[in-house]
Amino acid sequence: MSEKIVPEYIFETSWEVCNMVGGIYTVLSTRASILQKKHSDKLIFIGPDVWDGKPNQYFTELPNAFADWKKHTQDTYHLPVRVGRWNVPGNPMAVLVDFRFLFLKKNEIYGHVWELFGVNSIAAYGDYDESSMFGYAAGMIIESFCHFFKLSCRQKTVAHFNEWQTSFGIYYLKEHMPEVATLFTTHATSIGRSIAGNNKPLYNYLKEYNGDQMSYELNMVSKHSTEKTAAHTADCFTTVSDITATECAQLLEKTPDIVTPNGFEDDFVPKGRIFTKKRKEAHDLLRKVAETLFGYKLDDNALFIGTAGRYEYKNKGLDVFIESLKRLSEMNPQRQVVAFFVIPSYIDRKRIDLAYSLEHPGVPLSSGNVYTTHDLHDFEHDSIMSAIRWFHLNNKKEERVKVVFIPSYLDGQDGIFNKKYYDLLIGLDLTVFASYYEPWGYTPLESIAFSVPTITTDLSGFGQWVSHTPQDIDKSVGVIHRSDYNGSEVAYKIAEMIYKFASYDEQSVKNLRKQAAAIAEKALWKHFIRYYEQAYDIALRKNGKKV
């Protein structure tokens, strides 16, 4: 096999650079460290400057960095940029661009891209305009940098664009600077996610779906058009798992050139005595909040389980997990089980009565809400709360299975826990992620990184990576087969696994926790970065570069 071509410059663009929104932030921010070690400051991330003068905790500006280039970019392209460091391990270079000027030329850009590449932006709505103009601006930034610093055609430069939100950058470079090799990664197809989210069977009928046709049916024409075109236009097209690669081949009519699975860095996981201390603190806090909500003490050996992620009720398997808790309660487990749902929702504020009772132990809550830690704007119609009531999970003292809904984003300032997500995750005994649509699945991977065994399904990329066949919780990662129509069967198997886990003695649990951490170690970026190196090589070779 010939030697891989190594890029001299890497530009990587995402809406989530210095802007935490979802899982892509985790992908890029954890991968940044190993790339920065290899490429130093020739690795440059490009993100949207959406802060409008407000402080950005994820970004440290360096006012004097590239001062002449910034002025050139402002004068020539009318794009204000800020240069600094992304506040993640490795502290890579980051450029934030204010792309609002391009809204004045939006229709002109859409028409031009339609003529050159056939991207249909006529049906655009919602976040399409903002995303497309940012992507286009990112392409302009890369061109500006290459011209200003005289990066020649011979130099090996790659531009990596993540998700459809950045796709217009590919079109800009293909027209104005085709010597830059382009990569496009879809972390989940817009049509696949929409099919699943609209309660249509995705997997049994995948081979019968036509992505273009479904885009009209689901009012996704423009997003699908730009995503599909980017997949076909970029020098290298990647996705994050085998399950999503199959989806891409059918819905985008393009098989990815390579699968680049999501890794992580374990530098955020405490070690030794600090781990033990943080786990106890988290466990004690979870107990304190639950007991305050319920109004009674829990058993000393109560089992704390949890789930987390975006509020995608079906896609994230929240419906199935809640049903599994009902099945578990019917099994009457010997240990009490408390399930924590860490799902950011539409909240008003922290529960004032709960916060007061936490500060003044013994003072009962003033409301009858024994479920949520924060006030929901629409408690009665919330999907999670409706399911909890439907299955009669009442949080009564005599019931063996109880539920706590944490609808706030855990940023350390939520008013109840005042801890970040990882600082609570470490206190759980077991997690469940009953995914229906999950291209990769960071949440179960993060769980085992903190030595917390987990249950997931084979409809997640992570679940398939761990095992292509179902396996029990005695492997520390339980993987359950899930299809379009077996939700109740999955719920029952989850309940069985929780019941089984609750019966394990202390030594068995310790062994499972060690086994979980060992699996997580195999997903470190030092093992997975080779897939990106192959992707760079593919893009550079297709672009005509040589070793």
Side-chain angles (χ1 to χ4, degrees), residues 196-197 199 286 289-290 293-294 302-333 335-347 369-374 376 378-396 398-408 424-425 428-438 441 443-444 447 452 454-457 459-460 463 473 478 480-502:
N199 295 312
L286 289 166
V289 172
L293 264 180
F294 302 153
L303 184 73
F304 290 177
I305 66 177
T307 193
R310 285 192 305 274
Y311 203 145
E312 295 180 16
Y313 185 65
K314 178 188 176 183
N315 286 355
K316 296 298 184 184
L318 301 176
D319 52 347
V320 170
F321 183 35
I322 296 171
E323 182 179 345
S324 77
L325 296 176
K326 177 62 176 178
R327 302 287 170 251
L328 180 65
S329 69
E330 292 168 351
M331 297 176 182
N332 194 30
R335 292 175 67 180
Q336 287 180 335
V337 176
V338 183
F340 295 87
F341 286 73
V342 187
I343 311 291
S345 183
Y346 185 30
I347 63 172
N369 176 3
V370 296
Y371 298 102
T372 72
T373 58
H374 296 70
L376 291 166
D378 196 359
F379 183 91
E380 293 301 319
H381 299 98
D382 179 84
S383 296
I384 291 175
M385 285 310 312
S386 294
I388 288 171
R389 290 193 297 270
W390 173 262
F391 286 113
H392 302 290
L393 299 168
N394 300 311
N395 286 349
K396 292 182 179 178
E398 63 272 17
E399 294 175 337
R400 306 305 293 166
V401 179
K402 302 139 195 322
V403 180
V404 175
F405 182 13
I406 306 171
S408 175
L424 277 188
L425 170 63
L428 294 174
D429 300 306
L430 178 71
T431 56
V432 179
F433 303 99
S435 305
Y436 174 75
Y437 185 81
E438 191 72 76
T443 42
S447 179
V452 178
T454 192
I455 299 169
T456 188
T457 75
L459 289 186
S460 74
I473 191 60
I480 297 172
H481 172 63
R482 186 164 185 192
S483 67
D484 290 315
Y485 301 114
N486 72 337
S488 290
E489 179 185 346
V490 174
Y492 185 76
K493 287 185 177 179
I494 291 171
E496 283 187 321
M497 285 193 189
I498 297 172
Y499 188 91
K500 184 176 183 178
F501 187 87

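Reckoned from all heavy atoms, side chains included, excluding hydrogens, waters and symmetry mates.
Expressed to the nearest 0.5 Å, how far OG of Ser386 lies from CG of Asp319 amounts to 12.5 Å. Between the OG1 atom of Thr373 and the CD1 atom of Ile347 there is a distance of 7.5 Å, given to the nearest 0.5 Å. The distance from atom OG of Ser460 to atom CG of Asn315, rounded to the nearest 0.5 Å, is 12.5 Å. To the nearest 0.5 Å, atom CG of residue Leu459 and atom CG of residue Asp484 are 8.0 Å apart. Separation of atoms NE2 (His374) and CG (Asn369) is listed at 12.0 Å; rounding is to 0.5 Å. Taking CD1 from Ile322 and CE from Met385, the interatomic distance works out to 9.0 Å, rounded to the nearest 0.5 Å.
A heavy-atom distance below 4.5 Å is found between the side chains of Thr431 and Leu425. Taking 4.5 Å as the limit, some side-chain heavy atom of Ile473 sits within range of a side-chain heavy atom of Leu430. Residues Leu325 and Phe391 have side chains not in contact (no heavy-atom distance under 4.5 Å, counting atoms from C-beta outward). In this structure, Glu438 and Thr456 have side chains that are not in contact, with every pair of non-hydrogen atoms separated by 4.5 Å or more. Considering only heavy atoms from C-beta on, Glu323 stays 4.5 Å or farther from Trp390 through its side chain.
The nearest pair of heavy atoms linking Ala290 to Val404 is CB-CG2, 4.2 Å. Scanning all heavy atoms of the two residues, the minimum distance from Arg400 to Asn332 falls at CG-OD1, 3.1 Å. For the pair Tyr499 and Pro333, the tightest heavy-atom approach, listed with the atom from each and the gap, is CE1-CA, 3.6 Å. Heavy atoms only, all atoms of each residue included: Ser447 and Thr454 are closest at OG-CB, 4.0 Å. Taking all atoms of both residues into account, the shortest heavy-atom contact from Ser483 to Tyr436 is O-CE1, 3.9 Å. The two residues Ile494 and Ser324 have their closest heavy-atom pair at CG2-OG, 3.5 Å.
Between Phe341 and Phe321, the two ring planes are tilted [angle within 30° to 60°].
Side chain of Glu399 to backbone of Asn395: a donor-acceptor contact under 3.5 angstrom is found. With Arg482 contributing its side chain and Val490 its backbone, the two residues share no donor-acceptor pair below 3.5 Å. Looking at Lys402, its side chain does come within 3.5 Å of a backbone N or O of Lys396 through a donor-acceptor pair. Distance alone, capped at 3.5 Å, is enough to place a donor-acceptor pair between the Thr307 side chain and the Val432 backbone.
The ring pair (Phe, Tyr, Trp, His ring centres under 6.0 Å) check on Phe294 picks up Tyr296, with sequence neighbours excluded.
Salt bridge annotation for Lys493-Glu489: present, with a cationic side-chain nitrogen under 4.0 angstrom from a carboxylate oxygen. Classification of Arg327 and Glu330 as a salt-bridged pair holds, one side-chain N sitting under 4.0 Å from a carboxylate O.
Of the listed residues (Tyr311, Tyr346, Tyr313), just one forms a side-chain hydrogen bond (donor to acceptor under 3.5 Å, both in side chains) with Asp382, and that residue is Tyr311. The ring-ring contact (aromatic ring centres under 6.0 Å, His included) test with Phe340 is passed by exactly one of Phe304, Phe405, Tyr371: Phe304.
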*Test Leu318 against Ile343 for side chain to side chain contact (heavy atoms under 4.5 Å, CB included), laying out the working first.*
CA-CA 10 Å; Leu318 301 176; Ile343 311 291; 3.9 Å; yes
